[in-house]
Each structure stands twice: as structure tokens, then as C-alpha cells.
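Order of appearance sets the numbers: ligands from 1, and atoms from 1 within every ligand.
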Amino acid sequence: MSSTNKARVVVLISGSGSNLQALIDGVADKSLPIDLVAVISNRPEVMGLERAVKANIPAEVLDHKTFADRERFDQALMAMIDSYHPDLVVLAGFMRILTPEFTQHYLGKMFNIHPSLLPKFQGLHTHQRAIDAGEKRHGVTVHFVTAELDGGPAIVQASVPVFTSDDASSLAKRVQRQEHVIYPLAVKWFAQGDLHMIDGKSVLKGEPLPPSGFQIESDET
Ligand code: GAR
């Protein structure tokens, strides 16, 4: 941890940054004992960058379109991230497939949030796919990042009901409210030294978590 004794956290984004905002809010109200040391976006001019600037967090753009291939982009991204000496890297709507070198470099020190109850619905369009599959419940998972896309050990999962009146947008909103609860929670556990990835499993306060992670059920409409 850093000299202030708080975990140094770098957040990677590609878009609106509402999950970044949840972390910024947690720092502001002192519920989250971390230093947000940088926000890096692979897309210029996204709202998440404005959120970072407003919160006085260094905001950087590394545009993947200016790189010849995925390997070179990931190498440059690693160099940029490491210049901030993070204890934790948080992928918050960072819409890139990562090279094995990248995931290996941050193994046990990088989280992702994925809008489904993993292992269900890896990949894109998760809300529509949950509706189409007739799921009664849907949700979101925070997990450690490994080389397997959307496949690392789960840390925490929040589920919400799916209503027959739902479309992808109404369901996404219900899920996102839970995202903004569980991402700060997982980051807090890590920052407090309570959460580790050991032998490919998430371990919270010395106890291995179940394969789907710590479970939170919300019945909010
Ligand atoms: C979030 O809903 C997150 O779960 C999703 O992108 C959104 C980003 O929103 N992530 C993925 O789909 C990753 N596969 P935000 O920019 O407002 O935090």
C-alpha cells in the first residue's frame, strides 16, 4: 500500500463511468479507504474522463485505434498503469479483450465488473439475453481478472428480479444500481486487506468464497 497507507487504485474505463463515479463518491464520503491515482480511457472524450477531472484525478487517454495491434496497445497500457504504482487495477466498463501478458501481469490485483450472474451470459448484450432466456433473476458480478474472458474467480454477485414488463434498458438500470453497491464493496474489502486471490479462488477474511462469490439479493423494482 502507499505511504498514506491507502490502496492506490487505477481505474480503466471506455465510456460513461458510472461505476467510476460510485468509487469517487465512496472516497468523497470517506466510506472507501483508497487513493484513486489515475483514470485511463481507451476512448477519447467519454463522460468518465470528465468525472475524473471534476474529482481532481489524473485522467489519461490511450486510444487503442492508434496502435498496430492488441499486443502493442496492452504493452503501452501496462507502462502507463505501472507509472502510477497501483495496488489494484479496476476495470469499470473497460470494453477491451486483454492479452494473456496483461492479465498475468496484474493477476490477483485486477477486478472486472460484468453485468450478468456469471458464469451465465459472458460477453455482450447480457440484459437482452437474460430476458430472451426467460430468466427470473439477473444481475452483476465482480470478479478477479484471469486470462479467461469474464471467467476469473467471482468476488461478489448481486441479483435482481426480472419482470415480464422489462426491456433491456429497464433491466440494465436495475442491475446498474446494484453495480454501484457491489463494486465499492469489493474494492473496500481489497483495500482493507480482507480479500485475496489464492490458488485461483477468491478468499474473504481467510475463508474461500463460493464459486459465485458473496451473494447479495435485491428485490428492488
Ligand atoms: C457496466 O454496466 C458494466 O457492468 C459493463 O459496462 C457498463 C459500464 O458502465 N461492463 C461490461 O459489459 C464488461 N463486459 P459505466 O461506464 O457507467 O460504469
Identify, for [atom], the protein heavy atom at the shortest distance, and state residue, atom and that distance.
atom	result
atom 8 (C) of ligand 1	G93 CA, 3.5 Å
atom 14 (N) of ligand 1	H114 ND1, 3.3 Å
atom 13 (C) of ligand 1	I113 O, 3.7 Å
atom 15 (P) of ligand 1	S18 N, 3.4 Å
atom 4 (O) of ligand 1	E179 OE2, 3.0 Å
atom 16 (O) of ligand 1	G17 N, 2.7 Å
atom 11 (C) of ligand 1	P115 CD, 3.5 Å

### Message
Are any of the N/O atoms on D150, whether in the backbone or the side chain, positioned under 3.5 angstrom from an N/O atom of ligand 1?
### Response
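Among all N and O atoms of D150, none is under 3.5 Å from an N or O of ligand 1.
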
### Task
Using distance alone, determine whether N112 and ligand 1 share an N or O pair under 3.5 Å.
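So ligand 1 has no N or O lying under 3.5 Å from an N or O of N112.
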
### Task
Please work out which of the three classes, parallel, tilted or perpendicular, describes the rings of F94 and F73, given edges at 30° and 60°.
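Aromatic pair F73/F94 classed parallel.
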
### Query
In terms of ring plane angle, is the pair Y183 and F111 parallel, tilted or perpendicular, where the classes change at 30° and 60°?
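The arrangement is parallel - the two ring planes meet at less than 30°.
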
### Query
Any chance the rings of H114 and H143 have centres within less than 6.0 Å?
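Ring-ring flag for H114/H143: false, centres at least 6.0 Å apart.
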
### Query
Does R174 come within less than 4.0 Å of D166, counting only side-chain N to carboxylate O?
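D166 and R174: salt-bridged.
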
### Query
Which is closest to atom 7 (C) of ligand 1 by heavy-atom distance: Q176, M95, Q21, Q178?
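Minimum heavy-atom distance to atom 7 (C) of ligand 1 goes to Q176.
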
For the residue pair [Y] / [X], report whether a side-chain donor-acceptor contact shorter than 3.5 Å exists.
X	Y	value
S14	R43	no
S218	Q178	yes
S170	D167	yes

